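Only one structure is covered here, and it is reproduced in the block below.
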Amino acid sequence: MLKTEIEKALTVLKNGGIILYPTDTVWGLGCDATNPEAVEKINILKKRTADKSFIILVDTDSKIQSYAEDVPDVAYDLIEYAENPLTIILSGAKNLPKNVINADGSIGIRVVKHDFVSALLQRFRKPITSTSANISGQPSPQFFDEIQEEIKEGVDYVVDWEQELRQPKKASTIMKLSPSGQFSFIRK
């Protein structure tokens with residue numbers, strides 16, 4: 001079943017569509033992070049202003065340098081030893097469309113540790129966006145059945161994986177990391 005869900009999601013991503021999918025944090029809306037039209041579809045669905053940046057998910061830390069110029073060595077240690085999902089904001093975003101990147105040129109990246117998402121990313125070979133599956137300004141849903149119908153109906157594919165899970169998950173820790181290795185927490 002996992003393989004089938006990955007194939008279906010992969011087809012949607014390759015065709016510029018949006019998926020509603022479980023992550024290592026909360027349920028997310030995802031698309032090809034390198035496709036500006038797909039990213040804009042998520043902004044429209046979420047009723048979100050275009051000036052908000054996205055985080056991207058990758059399957060291994062070796063891919064981080066493909067999307068950020070300034071990756072201090074400490075970033076790899078933080079990712080390796082983080083006990084909870086960790087999003088690192090790095091300066092010098094590259095190889096991504098403007099509507100994914102923060103106004104200051106930075107990008108939030110998370111190396112995901114989740115069976116479905118890791119396998120999907122490995123097959124897709126590009127990063128995908130991750131943003132909570134809610135209308136902008138509304139609470140992030142903890143569980144699949146808390147996701148608004150407007151969101152479920154507005155995506156191109158709803159992943160049929162972990163929909164029944166009732167284990168609370170929380171958003172990732174977000175840490176801004178400068179090229180020199182200095183850091184500050186944005187969200188703990």
Side-chain angles (χ1 to χ4, degrees), residues 1-35 38-39 41-42 45-46 54-68 71 75-90 96 100 107-134 139-148 151-175 187-188:
M1 184 169 153
L2 178 63
K3 186 176 180 181
T4 303
E5 287 305 302
I6 289 167
E7 290 301 324
K8 290 177 181 177
L10 195 57
T11 299
V12 170
L13 293 173
K14 286 180 178 178
N15 290 318
I18 302 170
I19 61 171
L20 173 60
Y21 67 110
T23 73
D24 51 345
T25 61
V26 297
W27 274 79
L29 295 171
C31 70
D32 176 350
T34 66
N35 180 332
V39 172
K41 288 180 192 176
I42 291 180
L45 177 59
K46 283 186 62 100
F54 283 84
I55 70 162
I56 63 168
L57 302 180
V58 294
D59 59 328
T60 67
D61 62 7
S62 64
K63 292 186 178 162
I64 294 172
Q65 289 185 335
S66 296
Y67 304 102
V71 185
Y76 300 101
D77 293 332
L78 292 167
I79 292 163
E80 182 178 349
Y81 296 109
E83 292 181 14
N84 296 312
L86 174 66
T87 299
I88 297 179
I89 299 173
L90 298 165
L96 295 164
V100 173
I107 185 67
I109 301 177
R110 186 165 80 242
V111 177
V112 75
K113 296 171 185 166
H114 183 272
D115 293 346
F116 173 80
V117 185
S118 293
L120 178 63
L121 287 165
Q122 191 172 33
R123 292 283 314 281
F124 190 49
R125 296 189 183 103
K126 293 190 226 176
I128 61 175
T129 60
S130 183
T131 181
S132 57
N134 61 311
S140 298
Q142 277 290 312
F143 309 109
F144 178 77
D145 58 7
E146 293 177 351
I147 299 170
Q148 298 156 305
I151 294 290
K152 291 177 186 175
E153 292 169 8
V155 299
D156 298 294
Y157 187 65
V158 177
V159 173
D160 187 14
W161 191 257
E162 295 184 353
Q163 289 184 9
E164 72 293 337
L165 283 187
R166 299 299 294 175
Q167 193 174 0
K169 294 182 178 180
K170 63 180 191 171
S172 66
T173 298
I174 301 177
M175 177 184 286
R187 180 175 66 203
K188 285 187 179 185

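Remember, it's a predicted structure, so these values are computed and weren't measured experimentally. Quick note: residue numbers are just sequence positions, from 1.
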Notebook entry, point to check: Counting only heavy atoms not in R187, do more than 12 sit closer than 6.0 Å to its CZ atom?
Noted result: yes
Margin query: How close do L45 and G154 get, counting heavy atoms only, and between which atoms?
Written below: CD1-CA, 3.7 Å
Next item on the list: Decide side-chain contact (heavy atoms from CB on, under 4.5 Å) for T11 and K14; before the verdict, give the C-alpha distance in whole Å, the side-chain angles of both, and the deciding distance to 0.1 Å.
Entry: CA-CA 5 Å; T11 299; K14 286 180 178 178; 5.9 Å; no
Margin query: Has K46 got a side-chain atom pairing as donor or acceptor with N134's backbone, closer than 3.5 angstrom?
Written below: yes
Item checked: Shortest non-hydrogen separation from A38 to G16 and the atoms involved -> CB-O, 3.5 Å
Note to self: Nearest 0.5 Å, please: how far is CD in E146 from CD1 in I151?
What the structure shows: 14.0 Å
Item checked: Closest non-hydrogen atom pair, F54 against T129 -> CD2-CB, 3.9 Å
Notebook entry, point to check: Which pair of heavy atoms, one from D156 and one from G17, lies closest together, and at what distance?
Noted result: OD2-CA, 3.1 Å
Margin query: Set out, in order, the CA-CA distance, both residues' side-chain angles and the distance that settles side-chain contact (heavy atoms from CB on, under 4.5 Å) for L165 and F143, then state yes or no.
Written below: CA-CA 7 Å; L165 283 187; F143 309 109; over 6 Å; no
Next item on the list: Compare every heavy atom of T25 with every heavy atom of S172, then report the nearest pair and how far apart it is.
Entry: N-CG2, 3.6 Å
Check: What's the verdict on side-chain contact (heavy atoms from CB on, under 4.5 Å) for V155 and I19, showing C-alpha distance, side-chain angles and the deciding distance?
Finding: CA-CA 6 Å; V155 299; I19 61 171; over 6 Å; no
Check: Rounded to the nearest 0.5 Å, what separation is found between the CG atom of L20 and the CD1 atom of I147?
Finding: 4.5 Å
Next item on the list: Grab the two heavy atoms, one from S118 and one from D59, that are nearest each other, plus how far apart they are.
Entry: O-CB, 3.9 Å
Check: Between Q65 and D61, is there a donor-acceptor pair closer than 3.5 Å when you use the side chain of the first and the backbone of the second?
Finding: no
Margin query: Donor-acceptor check, side chain of Q142 to backbone of K169, threshold 3.5 angstrom: yes or no?
Written below: yes
Notebook entry, point to check: If you round to the nearest 0.5 Å, how far is CD1 of I55 from CD1 of I128?
Noted result: 10.0 Å
Check: Would the number of heavy atoms belonging to other residues, nucleotides or ligands and lying under 6.0 Å from CD of E7 be above 12?
Finding: yes
Margin query: For D160, is there any backbone N or O sitting under 3.5 Å from a side-chain donor or acceptor partner on E5?
Written below: yes
Margin query: Applying side-chain contact (heavy atoms from CB on, under 4.5 Å), can you list everything that pairs with K113, at least two apart in sequence or on another chain?
Written below: none
Next item on the list: Go through R166 and D145 one step at a time and tell me if the side-chain contact (heavy atoms from CB on, under 4.5 Å) criterion holds.
Entry: CA-CA 10 Å; R166 299 299 294 175; D145 58 7; 2.7 Å; yes
Notebook entry, point to check: About how many Å separate CH2 of W161 and OG1 of T4, when rounded to the nearest 0.5 Å?
Noted result: 9.5 Å
Check: Does D77 CG have over 12 foreign heavy atoms under 6.0 Å away?
Finding: yes
Check: So, the side chain of T131 versus the backbone of L29: is there a donor-acceptor pair under 3.5 Å, distance only?
Finding: no
Next item on the list: To the nearest 0.5 angstrom, please state how far the OG1 atom of T173 sits from the CG atom of N84.
Entry: 6.0 Å
Next item on the list: Report the residue from I107, L96, V100 that forms a side-chain contact (heavy atoms from CB on, under 4.5 Å) with P127.
Entry: L96
Note to self: Please report the interatomic distance CG(L86) to CD1(I109), rounded to the nearest 0.5 Å.
What the structure shows: 11.5 Å
Next item on the list: Using side-chain contact (heavy atoms from CB on, under 4.5 Å) as the criterion, point out the one residue from E164, E162, K152 that pairs with F144.
Entry: K152
Next item on the list: Could you point out which residue of T23, I79, I56 forms a side-chain contact (heavy atoms from CB on, under 4.5 Å) with R110?
Entry: T23
Note to self: According to salt bridge (Lys or Arg N to Asp or Glu O under 4.0 Å), who are the partners of D32, at least two apart in sequence or on a separate chain?
What the structure shows: K126
Check: Is any side-chain heavy atom of K63 closer than 4.5 Å to a side-chain heavy atom of L121?
Finding: no
